[in-house]
Each structure stands twice: as structure tokens, then as C-alpha cells.
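Below: the structure, in C-alpha cells.
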Amino acid sequence: MSENVRVRFAPSPTGALHIGGVRTALFNYLFAKKYNGTFVLRIEDTDQTRYVANAEEYIVDALEWCNIPFDEGPGKNEKFGPYRQSERKDLYKKYADELLEKGWAYYAFDTSEELDAHRKDHEANGKTFIYNWHNREKGRLVNSLVLSEEEVQQKISAGEKYVVRFKTPQDETLILEDEVRGKIKIETNTLDDKVLFKSDGMPTYHLANIVDDHLMEISHVIRGEEWLPSLPLHTLLYRAFEWESPKFAHLSLILKPVGKGKLSKRDGDKLGFPVFPLEYTNEKTGDVSRGYKEDGYFSDAFINMLSLLGWNPGTEQELFTLEELTKAFDLARVSKSGAKFSPDKTKWFNQQYLQQKTDEELAMLFLPLLEENNVSSDTVYIQKVVSLIKERAVFVNDFWGLSSFFFEDPTAYDEKAFKKQWKETTGSLMEELVSVIEAIEDFSIENAQTDIKGWITSKEIGFGKVMQPLRLSLVGKLAGPDLFEIMTMIGKEATIKRIKNAITALS
RNA sequence: GGCCCGUUCGUCUAGUGGUUAGGACGCAAGGUUUUCAUCCUUGAAACAGGAGUUCGAUUCUCCUACGGGCUACCA
């Protein structure tokens, strides 16, 4: 299998790429890289009514951010280009004609309205209308199987609209092979004669897909489960063209975190998590949807999370670099059942990745936030702050809330903490503490600890009585790193100032 | 309705014809931290149901239920 692995990700540019699409792209990417293969991006824009102009750019940007770029695609190594189906339009006609010639397809002149009427009619009688061997030659449907060649030619030259339908073989049991599901059995008689070529001169997905996969020498088709019902048609199409079929793998869907059904944008809005990798602005409505990137997720954490949704390495390892993923990935270990999406687990991954980063890296990422808050400081100081607070953070965006007191005096005091910790005697105690601090010549952690702890011990009042109000004075709430760290970081003067401020404000 | 796919703790999942059914997230308790968080320890928590095959089925087969997908001149 190590030779000539070529896979493709073939999205429709109808909007933002959602998590499920990203995962499909990721699995394709991992599979390609594992076997030193090629990852192709092909834009399937045969439906002009659903085309969205900024969607393709979004898809490319998203893959870029996820660090799973394509090797071949629009504007990149166009060895088998073009890679947009709309630009390959002229190509498909001859393949439709080939099928027509071979008797694998036929012209159909039925209008959408007529077909709708048939469907309604059947439904009213409790039956299901299927355009296939049941009725294609019964005379109620207008196609080249019942019309004479002259009639067909006449209609076509008269400019009558037609589609080309696949002529599904009758009375055959197909045994299909799926890399994740194994064998799938299906009777061809239950299949309908799908449209291959539309009356607007465009191929449908089915034709374009098979033609392009063949022409682009795709070896493995890894796609969403929603395509599984099309597998028999696609297999038959390869047979009709006498082409070698690629191997297929259908990925299960990503489901809602709660309730039933597949994950949608609405779930994200309702439960407060993004379903798109990047922020997306709907061209028509102007609606903006959140993105993982903008929400502060690291792309490698996001990818790591996605990789484990529907796949697992069979070991207990959960944290993977992209390289490790490409090594470990295996289609055989992709699970068959749908996976409910977990926003909580996603956060956990981000937290893990954040903890792994160095203080230097994190300090760099913190810089813009500091700027936003009109704070500037030297890098050594910022790195030290980061080292003290990062274990409390899930996102870099949490940093300011966790560390603002390192840069500016608290502006408010936590109400509950005040009520609980600030007693009548606290004010005078804090004043005494100020003089203890003032007396410390060299304001180091060691000295501060020795002197303050010594003073508390000598007063025989218990640490909490002093330390809690002190924390409230310096931080504004009962949270944060070690107090002696904070005091020496902000310095003796600021420490004294904050205690005095608190005495004034709280006593 | 028809066709297809699926079903192990709440969630993601590992697993085997005989296991104390394992891990992770989340949750709970305890410890560390005189704070908060981290961290550590512990705990609660699952084989959808029914037949069959078998000495023995969570594992194999069938049925049912449930979930999902498809059923367009959309992808």
C-alpha cells in the first residue's frame, strides 16, 4: 500500500467547513502522510445554485491553520488540474456519452414537475416512486429506453431539456467492500437510476466524482458516512467505465453533545462552543460564527481532539503531535459508530497543550493581551508572571484575568471574601503588617517569609487571619499564586500601597 | 414508508469465546497548596433487549428496539 497512495478531500464550497469536514480532511491527510502519499484538494462546485464565493478561500485557510495543507489543489502543483469541477465542465460530457454508447446510461426527458407528480402520486397510494427498472420502460416515463432513436434525436435537436441517467443493472447482488465497515451487501433492484448529467450541462456529483477520482489517480476515497448509500452506484460506475476502483472508507458522523442527531451550527450556538475551525462570516446574512482559532484554541490541540473522535491508537496515549498521529493512524482502527462531540474534552486538550508550552512562547502570546489592557512590562517579568499563573489557565485568553494584579492595583474587592475575611480587628492588624514590611530591608521572598511568618507566629493569631486579608488587599480576591511571590514581584512599595488602599476601602 | 450503517460507564473509547470489563473527559470524596488552580489518591459509573450456537457468551448468528444516514436535475 506504500506505493502511490493518493487521497482527496473534496468539499463543496457552500459555506464554512465544519468540524466533521475538518476531521474528514484530517484523516485523509494522516493516511496520505503515513504512506508518503499525496493529499489532494478538489473543489466540488457543480451545483451553481449553492455556490458561495468566500467558501473556497475559507476551506484553504482552515486547512492551513490546522496545519494539514494539501499537496495538490487549486493553484498548487496542478499536475492533474484544474481542481475545481466547474473548470473541468467540458470534460464530463464525453464520459456521459461513453456510458450512453455502452448502454450504461440513457437520456431522460421527464421534467422535475412530472417526477414530483409521480412521487406524490405514489406516496398517496402508500408506495415509493423509484426511477429504475420498475418503471423506466413502462411508458409513463419519457426516456431513450422507450423512445425511438429518431424521437430522441428530434427532441434533443429541438432543444428539449434532458438528463442522462445511469441504467442500473437488474437482479444482481453487490458485495461492496468498505475499509472500516467490511462487506456490505445490496440488491441492485433497490437502487434508482441516478442522474449523472444535469440539464444545465453540468455533471452531478456522482459522475464528476468518479471521473475525477479516476483521472486524478485517487487510490483511496475517505469520506463521510453520508456517502455510503452512493457506494453501489459508484462501484457500478467504475465497472461501467472499466476502470479500477479505488478503495473506500466511510467515516461515521459527529453527533450533537446532547440529544440526538448530527452536530449542527445551532448546537454550537446553544451550548456555547464553535463548530467551525475559523470564524466565518455568512456572505448573505452577515452572520458571524465563532471559530476555534478565534476562541483561543491551539490548532494542534484542536487537531489532536479531532483525531481521537472516531479513531484511537489502541494504546492509552491521548496526546499526539501531528507526526505521531501520522505514524499511528490506521483506517482499521476507525470506529464504525457516530461519536458525540465533547466541548469539555476539547478544553482539556487545549489545557494540556498550554501547559506543555514554554514560558517564553506563552509570554509572546500574552503580549497582545497586555497591550489591549494598556500594560507594558519587560519580558523577564512577563515570563515570570506566566510561569506563576499558567497552570490555572485553559486558554492564553485567561491570562489577563489571572494575572492583572501583577500589573496594576486591584480596583475592586470580592464581596464574599471581604465579608468572610475582613473582621473588625483586621484593619489594625494590616497596619501593623505594613510596618513589618517597611522594616524589611532586602525585600526577597526569603526575607519576607521569615519576617512576616515570624511576626504572625509571635502574635499567636493564626496565619489565616493575616494572609487572607493580605491576599484580598493585593489581589482583590481569594485566588492566585503564592502571596510571597506576588509581593516580591510587585515590590515593597506597591505591596504597602495596596494594603493601605485596602484598609481605607474596607475598614 | 423503503434501503443502508451502527449500539461497551453520562461522554470518547480499549478489550476477549472464560477478564475484578481497562483508560480518558466530566462528576464526587480525601490529601497537598493557610487561597484558587494544578497535582496526587480514591470512588460512583457500561457490555440495549430477546432467542440461538456453545461446557461457557459482552465477544459469533438471528430477531426486536433504539440511534443515525440516504431516499433531488444538492453535494
Among B:U71, B:C4, B:C25, which is the nearest nucleotide to the side chain of A:K345? B:C25

Compare the minimum distances between each of B:A75, B:U35, B:C25 and the side chain of A:D344, then state the nucleotide with the smallest one. B:C25

Among A:T495, A:L388, A:V475, which residue satisfies the side chain to side chain contact (heavy atoms under 4.5 Å, CB included) criterion with A:I486? A:V475

Quick one: is A:K198 getting a side-chain N or O under 4.0 Å of the B:C74 phosphate, OP1 or OP2? yes

Less than 4.0 angstrom from a charged side-chain N to a carboxylate O is my criterion; do A:D45 and A:R84 meet it? no

What does B:U16 pair with, Watson-Crick or G-U, if both distances are under 3.5 Å? none

Rounded to whole Å, the NZ-C1' distance (A:K340 to B:G10) equals 9 Å

Choosing from B:G1, B:G68, B:A75, which nucleotide comes nearest the side chain of A:T128? B:G1

What nucleotide, of B:A37, B:G6, B:A75, holds the atom closest to the side chain of A:K336? B:G6

In terms of ring plane angle, is the pair A:H122 and A:F129 parallel, tilted or perpendicular, where the classes change at 30° and 60°? perpendicular

Please determine, for B:G10, whether a Watson-Crick or G-U wobble partner exists with both distances under 3.5 Å, and give it or none. B:C25

Presence of donor-acceptor pair under 3.5 Å, side chain of A:R392 and base of B:U38: no

Residue A:T204, side-chain atoms from C-beta onward, closest of B:A24, B:A75, B:U38: B:A75

What nucleotide, of B:A75, B:U35, B:G23, holds the atom closest to the side chain of A:R50? B:A75

Quick one: the side chain of A:R181 and the base of B:C5, do they pair up donor-acceptor inside 3.5 Å? no

Measure from the side-chain heavy atoms of A:R165 and tell me the nearest of B:C73, B:C5, B:A75. B:C73

Side chain of A:A339 - closest among B:U35, B:A75, B:C12: B:C12

Of the listed B:C73, B:G22, B:A75, the closest approach to the A:S12 side chain comes from B:A75

Carboxylate-amine/guanidinium contact A:R140 A:D121, below 4.0 Å: yes

Under 3.5 Å, is there any donor-acceptor pair linking the side chain of A:T190 to the base of B:C3? no

Sugar-phosphate, base or nothing in reach of A:K262, heavy atoms under 4.0 Å: sugar-phosphate

Taking for each residue the nucleotide of RNA chain B with the nearest heavy atom, is it A:D200 or A:S252 whose nucleotide lies nearer the 5' end? A:S252

May I ask you to verify if any side-chain N or O of A:R119 is less than 4.0 angstrom from the OP1 or OP2 atom of B:A72? yes

